[in-house]
Visitor: 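Dropping a structure here in structure tokens format, bear with me for questions.
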Amino acid sequence: MTSLSTPRPGTGVEVRDSWVPMIAIALGQVLMSFNVASLPVALGGMVASFNVPPTTVATGIVMYSMLVAGFVMLGAKLNQRFGAVRVFRIVVLLFGLAQVLMTFSPNATVMIIAQALSGAAGAALVPSLVALIAENYRGAQQATALGALGSARAGAGVAAFLIGGVLGTFIGWRPAFGILIALSAIVFVLSFRLKPDHGRPDVKIDIVGVVLAAAAIVMISFGFNNLNRWGLAVAGPGAPFSIAGLSPAPVLIVVGIVVGQLFVVWTRRRQAAGLTPLLALEVITSPRERAAVYAMFSVVALEAMLNFSVPLYIQIVQGRSPLATAIAMLPFNLTVFFSAMLIVRFYNRLTPRQIGRYGFMLCAVALVWLAFVVRNDWSAGPVLIGLIIFGIGQGSLVTLVFNVLVTASPKELAGDVGSLRGTTNNLAAAVGTAVAGALLVGLLSTIVLGRVAATPTLTPEVQAMVNLDSINFISNDRLKATLETAGATPEQVSDALAVNAGARLQALKIGLLLMAGLALITIIPAGRLPDYKPGEIPDPDDAPKTS
């Protein structure tokens, strides 16, 4: 295998590197993406197995994303110090061990611990992927490899929904994670086809920076994840403590943001002193790089919200199987998969700024469309159209903003770009999932309380049967069984089921409209993406060392 994609001497013909190393790199991405995409599909099975509410399963998703986001910068430095190939092999083995724990978890607590271990492994795996691509490919091949990495992420989502749906329906949710044990072993074997590197022992790890970055991200993620449980503003019954009646959730978020600013200040001081920072600020100092980060955060958060909302509605609300979830989401996941790969072909026709704006416009249009056409059947034609439109925008944007970050920085900062990507992606996934849960449950609670007050047959005695102080998404069958067991009359049961069905659908519709608003707002930073002329995508090695 040749080490670089360079012209053959005397011919001007480009020598292309072997794609075999890319298989190992792409499968490394598949490991992480398959794991996190399998969690929504397994939502109903885990709720039944562990006897917990859906938001507890969502905590597993948040825990994974939070650990990756919090420690991915440390992972990037470990890759630089010890070599990406060596770190890649070690964390793939760690990921496989975490999946053993996940597959055989006896309760929700162990499941969450398994996802935390997977996140710890992912924190080092994410930056290694970018560093390995930068090491093994160059020029047009590198752009294609980055597109392939985005497609691997989307393709893993498709596979997770299909495989997880079939297994979850006919066998159970656990075998889907058991597959990752075998896949980890395969990736480990393939890693020996990667170009060897030796690392840079001179790279120093900023421990203070690690603590500040991790603390900021953990507090922000943890705060968002507990908005519903602890209270959006006023401390609720589930809050561990209150601050003059204020919920600790928003306090954690604000403090996390402040600590994040302290991390930036500390990093600047460290760079000024000539010391190695945890994150090279050069990768986010220019307006186009910051615009790419904002765009990446928004599109990943939107995807996380949709990926939580749809399985929640299908499995918990409608009581349908994981396979039904897979079928309903298949058009979306397939569209993301192909869009992430094919958008590269448009880089010579449209500028990143144009693609960014069009992409978020498509996402907003799709979400508004879904809010108006969604009913109790996600397989309906109009709903599928909305999911496909959203998938086109989402798949195009994920690959685009990643390419903008990579091409804006020199090769030696590839690890920092990878850590920035990992932090942004996973913080967005954690926040998006947590916000979706808190938003939908909060909307549901408000709507249910209003409709119950307007329904005379739902007396205080009936309301006490279902505990309106802790409203969550439940199926009509479960609500009916609870009310009948408690002695409610047929008329009261019928009215309660009508309130439940109507409130759930209205909460989903409002949630989709609010998501569309986020997509529209992100058109503003998308307008600051690079405005390259057709065919002028720069080579990363030609990028300036500082902005």
Visitor: Measure the CG-CD distance between L279 and Q271 for me, rounded to the nearest 0.5 Å.
Guide: 8.0 Å
Visitor: Of all the heavy-atom pairs spanning V57 and V47, show the shortest one and how long it is.
Guide: CG2-CG2, 4.1 Å
Visitor: With a 4.5 Å cut-off on side-chain heavy atoms, are V210 and I205 touching?
Guide: yes
Visitor: Show the numbers, then the answer: is there a side chain to side chain contact (heavy atoms under 4.5 Å, CB included) between Q115 and I61?
Guide: CA-CA 7 Å; Q115 286 303 312; I61 304 175; over 6 Å; no
Visitor: Give a yes or no on this: more than 12 heavy atoms of other residues, nucleotides or ligands lie within 6.0 Å of atom CZ of R86.
Guide: no
Visitor: Examine distances only and state if a side-chain atom of S128 and a backbone atom of L125 form a donor-acceptor pair shorter than 3.5 Å.
Guide: yes
Visitor: In Å and rounded to the nearest 0.5 Å, what is the CG to CZ distance from L190 to R89?
Guide: 11.0 Å
Visitor: Under the side chain to side chain contact (heavy atoms under 4.5 Å, CB included) rule, what do E303 and F332 come out as? Steps first, then yes or no, please.
Guide: CA-CA 10 Å; E303 181 189 18; F332 166 70; 4.2 Å; yes
Visitor: Just wondering, more than 12 heavy atoms not from Y294 lying within 6.0 Å of its OH?
Guide: no
Visitor: Tell me the closest heavy-atom pair linking S309 and L508, and the distance in Å.
Guide: CB-CD1, 4.2 Å
Visitor: Do L367 and L302 make a side-chain contact, defined as non-hydrogen atoms from C-beta onward lying under 4.5 Å apart?
Guide: yes
Visitor: Would you compute the distance between atom CG of L275 and atom NZ of K204 and round it to the nearest 0.5 angstrom?
Guide: 10.5 Å
Visitor: Could you report the tightest heavy-atom contact between N79 and A124, atom names first, then the distance?
Guide: ND2-O, 3.0 Å
Visitor: Could you check whether any side-chain heavy atom of V72 comes within less than 4.5 Å of a side-chain heavy atom of P127, counting everything from C-beta outward?
Guide: yes
Visitor: Which atom names give the shortest non-hydrogen contact between M111 and M102, and what distance separates them?
Guide: CG-CE, 3.4 Å
Visitor: Return yes if some donor-acceptor pair links the side-chain N/O of N226 with the main-chain N/O of F222 below 3.5 Å, else return no.
Guide: yes
Visitor: Supply the atom-to-atom distance L397 CG to L529 CG, rounded to the nearest 0.5 angstrom.
Guide: 9.0 Å
Visitor: Quick one: does F192's side chain get under 4.5 Å of V85's, heavy atoms only?
Guide: no
Visitor: Between S247 (side chain only) and W230 (backbone N and O only), is there a donor and an acceptor less than 3.5 Å apart?
Guide: yes
Visitor: Indicate the ring-plane relationship of W173 and F50, choosing parallel, tilted or perpendicular according to the 30° and 60° boundaries.
Guide: perpendicular
Visitor: Does any part of the side chain of L39, heavy atoms only, come nearer than 4.5 Å to the side chain of M46, both counted from C-beta?
Guide: yes
Visitor: With a 4.5 Å limit on heavy-atom distance, are the side chains of V259 and F263 in contact?
Guide: no
Visitor: Should I253 and I257 be marked as a side chain to side chain contact (heavy atoms under 4.5 Å, CB included) after you check the CA-CA gap, both sets of side-chain angles, and the distance that decides it?
Guide: CA-CA 6 Å; I253 295 171; I257 293 172; 4.2 Å; yes
Visitor: Rounded to the nearest 0.5 Å, what's the gap from CE on M63 to CG on N225? Could you check?
Guide: 8.0 Å
Visitor: Report the C-alpha separation of V435 and F308 in whole Å, then their side-chain angles, then the decisive distance to 0.1 Å, and conclude whether the side chain to side chain contact (heavy atoms under 4.5 Å, CB included) test is met.
Guide: CA-CA 10 Å; V435 168; F308 177 76; over 6 Å; no
Visitor: Is it the case that the side chain of R353 and the backbone of G527 share a donor-acceptor pair, with hydrogens and angles ignored and the cut-off at 3.5 Å?
Guide: yes
Visitor: For S184 and V92, work out which heavy atoms get closest and say how close.
Guide: O-CG1, 3.2 Å
Visitor: Do L97 and L117 have side chains that get closer than 4.5 Å, going by heavy atoms?
Guide: no
Visitor: Given side chains that start at C-beta, do those of L132 and M22 come closer than 4.5 Å, heavy atoms only?
Guide: no
Visitor: What heavy-atom pair brings N425 and M296 nearest, and what distance separates the two atoms?
Guide: OD1-CG, 3.2 Å
Visitor: Between the side chains of S118 and Q99, does any donor sit under 3.5 Å from an acceptor?
Guide: yes
Visitor: Whether the side chain of R174 engages the backbone of S105 through a donor-acceptor N/O pair (distance < 3.5 Å, no angle test) should be reported.
Guide: yes
Visitor: Within this structure, what is the CZ-CG distance for the pair F95 and L183, rounded to the nearest 0.5 Å?
Guide: 9.0 Å
